[in-house]
There are 2 protein chains.
Amino acid sequence: MKTLSIKDIAVEAGVSITTVSFIINGKARDKSISEAVIKKVEKIIAESGYKPNQIARSLRTGNSNIIGLIIEDISNSFFSRIARLIEDKAYKKGYKIIYSSTENNVEKAKELINMFKSRKVDGYIISPIKGLEEDIQQLLADGKPVILFDRSLPGLETNYVGADHFKATYESIESFIKQGKKKISLVTTDIDVEQITARLDGYKKALEDHDIVYDENLVLKVHFNQEENETKAQMEELFRTVETDAVLFATNYLAISGLKVLKQTNVKVGKNLSVIAYDDHEVFELHTPGISAVQQPLEEIAEAIIQLILRQLSSKTKLDNEQIVFPAKIIQR
Amino acid sequence: MKTLSIKDIAVEAGVSITTVSFIINGKARDKSISEAVIKKVEKIIAESGYKPNQIARSLRTGNSNIIGLIIEDISNSFFSRIARLIEDKAYKKGYKIIYSSTENNVEKAKELINMFKSRKVDGYIISPIKGLEEDIQQLLADGKPVILFDRSLPGLETNYVGADHFKATYESIESFIKQGKKKISLVTTDIDVEQITARLDGYKKALEDHDIVYDENLVLKVHFNQEENETKAQMEELFRTVETDAVLFATNYLAISGLKVLKQTNVKVGKNLSVIAYDDHEVFELHTPGISAVQQPLEEIAEAIIQLILRQLSSKTKLDNEQIVFPAKIIQR
DNA sequence: ATTGGATAGTAAAACGTTTTACTTATTAAC
DNA sequence: GTTAATAAGTAAAACGTTTTACTATCCAAT
């Protein structure tokens with residue numbers, strides 16, 4: 001069964017292709033097509049089940065009603081939840097989302113951007129990584145709306161939506177200190193991206209403001225892309241060799257690995273050792289004892305992203321960049 | 001900066017568009033283009049950074065090098081992990097994946113299929129839901145490769161990759177019985193899809209084979225799309241009103257909700273009550289005590305899906321349908 | 001009875017490729 | 001020295017839309 005084209009509809013209705021196109025695109029009234037013709041053509045379209053070929057449409061118009069979403073890792077619940085929310089909201093406005101993971105690999109990220117470019121996506125939502133500055137700059141130069149989220153890249157003038165990582169970390173550490181903890185550890189990664197460095201800065205500043213001297217032995221930076229087993233080994237060593245009474249994990253997957261390690265040891269989480277994780281996860285709620293977590297307002301973040309990008313897409317002129325930063329909250333468990 | 005087209009390259013090289021196209025597509029030797037010209041054009045392409053417009057390409061050729069992946073819910077870790085694996089593997093073969101969630105909503109699923117259709121995706125990987133039979137049939141009639149996974153739809157002749165849900169459930173229940181459990185509960189959902197009904201069948205058969213009489217009060221079917229709070233309330237009622245010594249949760253999100261409920265009660269999971277969850281999740285590993293889980297071989301499933309679809313894509317003739325069923329394993333914790 | 005503005009509609013170019021069928025020049029074979 | 005095959009390359013159609021610029025008719029106003 002050959003798929004129908006606009007031409008088939010035109011022939012069937014005995015009108016020109018142009019007329020059908022106007023009707024499909026709701027421009028019929030503007031272009032003074034009679035009600036009778038509109039009705040007839042609409043009827044034929046409905047009965048035949050004709051659907052415009054989006055590829056041809058994109059080729060002609062240069063846009064696609066698709067927004068490209070580039071994230072770190074779809075299997076991380078923070079990202080998959082954001083993705084789901086964004087998808088939902090975009091869908092309601094007639095946009096489709098296509099998403100893909102970078103796995104913090106610059107080459108893959110660049111290829112994704114190129115793929116999206118050649119598919120003529122209308123806008124980009126990106127949780128960026130270092131090394132993408134030029135490519136993103138290029139997108140902006142092409143006049144494409146770009147929203148960065150979760151993390152921003154220094155030196156890049158663009159829209160950004162995220163949470164206040166510095167403050168959240170600061171407050172987490174402060175809450176440890178108020179509990180009387182002195183030897184506070186930070187487990188983070190070595191990705192050089194603002195959202196991660198802000199967490200280290202918040203950690204340092206909180207210590208400093210409470211006259212605790214920064215001890216780099218208490219900080220573990222694991223290499224981003226390494227195997228979980230290696231990460232666990234490093235953590236195991238940290239907990240074995242360094243005395244700590246509290247630990248902040250800078251991402252939820254680090255916290256999960258850490259909890260696995262701690263489960264094997266005789267450290268009593270919650271008694272000997274207080275734990276806070278960054279980005280909430282079901283694991284933390286169900287863990288015995290419950291694990292406190294920094295929770296970013298996913299719903300608000302997703303909403304802000306969508307608002308921002310839709311506004312850009314519908315505006316003919318370049319709008320001013322906006323930086324929207326939400327406070328994160330600490331769920332004490 | 002206007003984006004380059006094949007024409008620009010042709011002009012720059014002083015050759016025809018055709019020649020450039022042949023070179024881009026690796027057909028130059030076949031079409032007897034001289035080495036000198038090939039080199040020259042390739043150089044210009046490399047230096048200019050020209051990338052073919054995929055939209056135009058798709059319009060002309062009718063395919064897209066894109067595979068559409070339709071799943072239930074990207075924020076469920078089972079699906080996000082499968083998605084990630086499929087994406088990785090497809091990527092290595094030069095295919096891109098675009099995925100989207102149905103949320104078990106037939107209308108949304110149909111729209112997704114239509115969207116993918118109008119974007120001319122080359123093949124479909126679908127975890128189907130009831131009500132999609134006709135649409136899938138239509139895809140098959142159009143000659144598009146379709147792989148169903150996780151669940152199949154009765155009456156639909158197509159490729160399928162999944163795990164042996166009946167057997168896994170049967171063995172789970174059997175393991176409860178071997179531990180001396182008698183009042184074994186099943187918490188499942190009311191989605192009418194083979195993968196779910198197989199779990200109920202496995203449950204019933206295991207009881208029967210061990211001379212335990214089936215008691216429908218022990219089976220809770222929660223409505224798929226309801227709020228988690230309502231689900232929890234139903235579970236709370238089940239555990240309060242019915243005496244059980246073991247429970248099998250038919251999906252991981254049900255198990256997670258169930259564990260949250262149990263945490264509030266004085267039921268001692270692992271002592272008073274044995275628990276097995278379907279589809280493993282980090283929560284279960286970290287839970288105290290560890291929660292046993294049925295683990296599907298995600299890697300193998302993803303690999304089989306990709307193999308199957310790539311084989312279909314590269315074959316000119318319609319291949320025989322294959323049904324690949326992997327055993328699932330029970331992780332005892 | 002001419003002008004001018006609606007009204008109703010259409011022809012054809014354009015978007016950027018791929019591919020078929022064609023041309024022209026060169027070489028090989030007899 | 002003709003013929004046939006090969007080498008090297010190209011013109012133009014086609015994919016399915018959108019959109020610009022155009023035509024033709026009708027009516028109202030002068």
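Atom CZ in B:R29 sits about 12 Å away from atom P in D:dA8, given to the nearest Å. Between B:R119 atom CZ and D:dC15 atom P the separation is 21 Å, expressed in whole Å. Computed from coordinates, the B:E35 CD to D:dA7 P distance equals 13 Å when rounded to whole Å. For the pair B:L59 CG and D:dA14 C1', the computed distance is 9 Å after rounding to whole Å. In this structure, A:I38 atom CD1 and C:dT7 atom P are separated by 13 Å, rounded to whole Å. The CD1 atom of B:I55 sits 16 Å away from the C1' atom of C:dA14 (whole-angstrom rounding). Per the geometry, CG belonging to A:N63 stands 20 Å off P belonging to C:dA14, to the nearest Å. The NZ atom of B:K7 sits 13 Å away from the P atom of D:dA12 (whole-angstrom rounding).
The side chain of A:S5 sits closest to D:dG16 out of C:dG16, D:dG9, D:dG16.
Contact annotation: B:S34 does not reach the phosphate of D:dA8 (side-chain N/O to OP1 or OP2, under 4.0 Å). An OP1 or OP2 oxygen of C:dG16 is reached within less than 4.0 angstrom by no side-chain nitrogen or oxygen of B:Y50.
Side-chain atoms of A:T158 come within 3.5 Å of backbone N or O of A:V146 as a donor-acceptor pair. Using modelled atom types, no side-chain atom of B:D8 and backbone atom of B:L4 make a donor-acceptor pair closer than 3.5 Å. One N or O on the side chain of A:R151 and one on the backbone of A:P128 form a donor-acceptor pair closer than 3.5 Å.
With values rounded to the nearest 0.5 angstrom, A:R84 atom CZ is found 11.0 Å from A:I74 atom CD1. Rounded to the nearest 0.5 Å, atoms CD (B:Q54) and CG (B:L59) are 12.5 Å apart.
Taking the charged nitrogens against the carboxylate oxygens, B:E12 and B:K40 have no contact shorter than 4.0 Å, which rules out a salt bridge. The existence of a salt bridge linking A:E322 and A:R311 is confirmed by a sub-4.0 Å separation between a basic side-chain nitrogen and an acidic carboxylate oxygen.
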Please list, for nucleotides 18-20 of chain D, all pairs of protein and nucleotide N/O atoms separated by less than 3.5 Å.
| unit_1 | atom_1 | unit_2 | atom_2 | d |
| --- | --- | --- | --- | --- |
| D:dT18 | OP1 | A:N25 | OD1 | 3.3 |
| D:dT18 | OP1 | A:N25 | ND2 | 3.2 |
| D:dT18 | OP1 | A:R57 | NE | 2.8 |
| D:dT18 | OP1 | A:R57 | NH2 | 3.4 |
| D:dT18 | OP2 | A:S21 | OG | 2.7 |
| D:dT18 | OP2 | A:N25 | ND2 | 3.2 |
| D:dT18 | O2 | A:R60 | NH1 | 2.6 |
| D:dT19 | OP2 | A:K27 | NZ | 2.5 |
| D:dT19 | O4 | A:T18 | OG1 | 3.3 |

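Paired with B:D135 under the rule salt bridge (charged side-chain N to carboxylate O under 4.0 Å, His left out), one option of B:K130, B:K144, B:K110 passes, and it is B:K110.
Each end of the helix from C:dA1-D:dT30 to C:dC30-D:dG1 gets its own axis from five base pairs, and the two axes differ in direction by 60°, given to 10 degrees.
The stretch residues 8-16 of chain B comes close to DNA chain D through B:V15, B:S16, each having a heavy atom under 4.0 Å from the strand.
Residue A:E35 places its CD atom among more than 12 non-hydrogen atoms of other residues, nucleotides or ligands, all under 6.0 Å distant.
Checked by atom type, the side-chain pair A:S152/A:E194 shows a donor-acceptor distance below 3.5 Å.
Ring pair A:F149/A:Y160: centre-to-centre distance not below 6.0 Å.
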